[in-house]
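Residue numbers start at 1 and run along the sequence shown. Owing to the predicted nature of the structure, the values given are computational and were not obtained by experimental measurement. Both ligands and their constituent atoms are indexed starting at 1 by order of listing. As a basis for the values below, the full set of heavy atoms in this structure was taken, side chains included, without hydrogen atoms, waters or symmetry mates.
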Amino acid sequence: MEAPASTLKSVGKADVQEDYHGSYRFAPIEEAQVSRAMIKRYFDTMYERAVSDVVIVGAGSAGLSCAYSLATRRPDLKVTIIEANVAPGGGAWLGGQLMTAMVIRKPADNFLREIGVPYEDEGNFVVVKHAALFTSTLLSRVLALPNVVLMNATSVEDLIVRTDFENKERVSGVVTNWTLVALNHDTQSCMDPCTITAPVVVSTTGHDGPMGAFSAKRLISMGLNKELGNMRGLDMNRSEPAIVNGTREVVPGLVMAGMELAEHDGSNRMGPTFGGMIGSGIKAAHEAIRMLDAANVVMGKVAGKVKA
Ligand code: 48N
């Protein structure tokens, strides 16, 4: 293949060239420029998002569906996603038993068309050829939204709970730490966390596991709930509508969705169909908007801005 015409061009004071015949030239850089480019952006974001409108805990299929639905419906809201893993996406990178195709029951296929994921139509359900095609497309759509921030490799270690003016215990934000710190509290002296306050927290931390069902378990240990419902056996037809229709504000200030809700309520699991996660995430977005609008009305009344 002969060498193409020179692609040499000037960038500022440097010449760069995209050439694959031995003359590739990058613009020069100082190492400190790379460090500062990352440090400034990350810590400016941490500073700005210390107060958010909605915090979503867990970037699995339910949390990401919630983030997309919320942030597109309400571009005015500061939506902050906290994800414990380095890799967001939760359990939606594969279908079932490590197989790649992802099954989504209608009408959840509406969301696939909304975000632009191709699929094969099988009548009552559709099949995405690889689960990673769904999850990577949804992730890219969410991360492209200007009002969404994702903090991965970051864990929610606790909830902020205040007594509100109706004397109710209200979740008002999250307590965070780097996940590698959260996993090593037993190996070091005390490593205190940081906080993000928000009037609404959406918890989608998945099945009960080392990090999962976090808020469902924390509500019990802090006395805001009596016991885990403990997810029931697999029943696709019962579980998906139960989880979507059951997605709600489980305690003041906290919406629970996805498989964490199955642990909280004791509803059935559905196994390798993902329409319930999509629907639950979208319902959680609707709940979050309802809660914020209600809070604005109350704050308006308190401030005398909204006639009772
Ligand atoms: O994908 P998951 O685990 O949870 P969901 O509810 O979004 O989706 C569940 C779905 O993948 C299924 O399990 C399918 C439908 N199977 C059902 C069945 O019957 O077997 O995502 C939860 C995310 C993960 O990425 C975790 O890393 C993250 O939440 N996470 C946390 N992030 C921050 N702080 C925490 N404390 C935390 N705990 C979990």
Please indicate whether any nitrogen or oxygen in [X] is less than 3.5 Å from any nitrogen or oxygen in ligand 1.
X: Ala92; value: no
X: Gly212; value: no
X: Glu83; value: yes
X: Val156; value: yes

Quick check on contacts: which atoms of ligand 1 are under 4.0 angstrom from a heavy atom of Gly90?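 Those qualifying, in numeric order: 1 (O), 21 (O), 24 (C), 25 (O).
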Donor-acceptor pair between Glu157 and His185 side chains, under 3.5 angstrom: yes
Using distance alone, with no hydrogens and no angle criterion, decide if Arg218 and Ser215 have a side-chain donor and acceptor under 3.5 Å apart. no
May I ask you to say whether Arg49 pairs ionically with Asp44, meaning some side-chain N is under 4.0 Å from a carboxylate O? no
One thing to verify: whether Asp15 and Lys9 come together as a salt bridge, which I'm taking to mean a side-chain N less than 4.0 angstrom from a carboxylate O. no
Tell me the nearest of [options] to [atom], using heavy-atom distances.
atom: atom 8 (O) of ligand 1; options: Met277, Arg269, Met270; answer: Met277
atom: atom 31 (C) of ligand 1; options: Ala153, Ala84, Gly206, Pro88; answer: Ala84
atom: atom 21 (O) of ligand 1; options: Gly58, Pro272, Gly60; answer: Gly60
atom: atom 15 (C) of ligand 1; options: Gly271, Ser61, Gly91; answer: Gly271

Take every heavy atom of Thr273, measure it against each atom of ligand 1, and state whether any distance is under 4.0 Å.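 For ligand 1, residue contact (heavy atoms, under 4.0 Å) with Thr273 is present.
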Under the salt bridge (Lys or Arg N to Asp or Glu O under 4.0 Å) rule, collect the residues that match up with Lys106, sequence neighbours excluded.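 Per chain and number, Lys106 pairs via salt bridge (Lys or Arg N to Asp or Glu O under 4.0 Å) with Asp121.
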Residues in salt bridge (Lys or Arg N to Asp or Glu O under 4.0 Å) with Asp76, at least two apart? Arg74
Strictly under 6.0 Å, is that where the ring centroids of Phe43 and Tyr47 end up? no
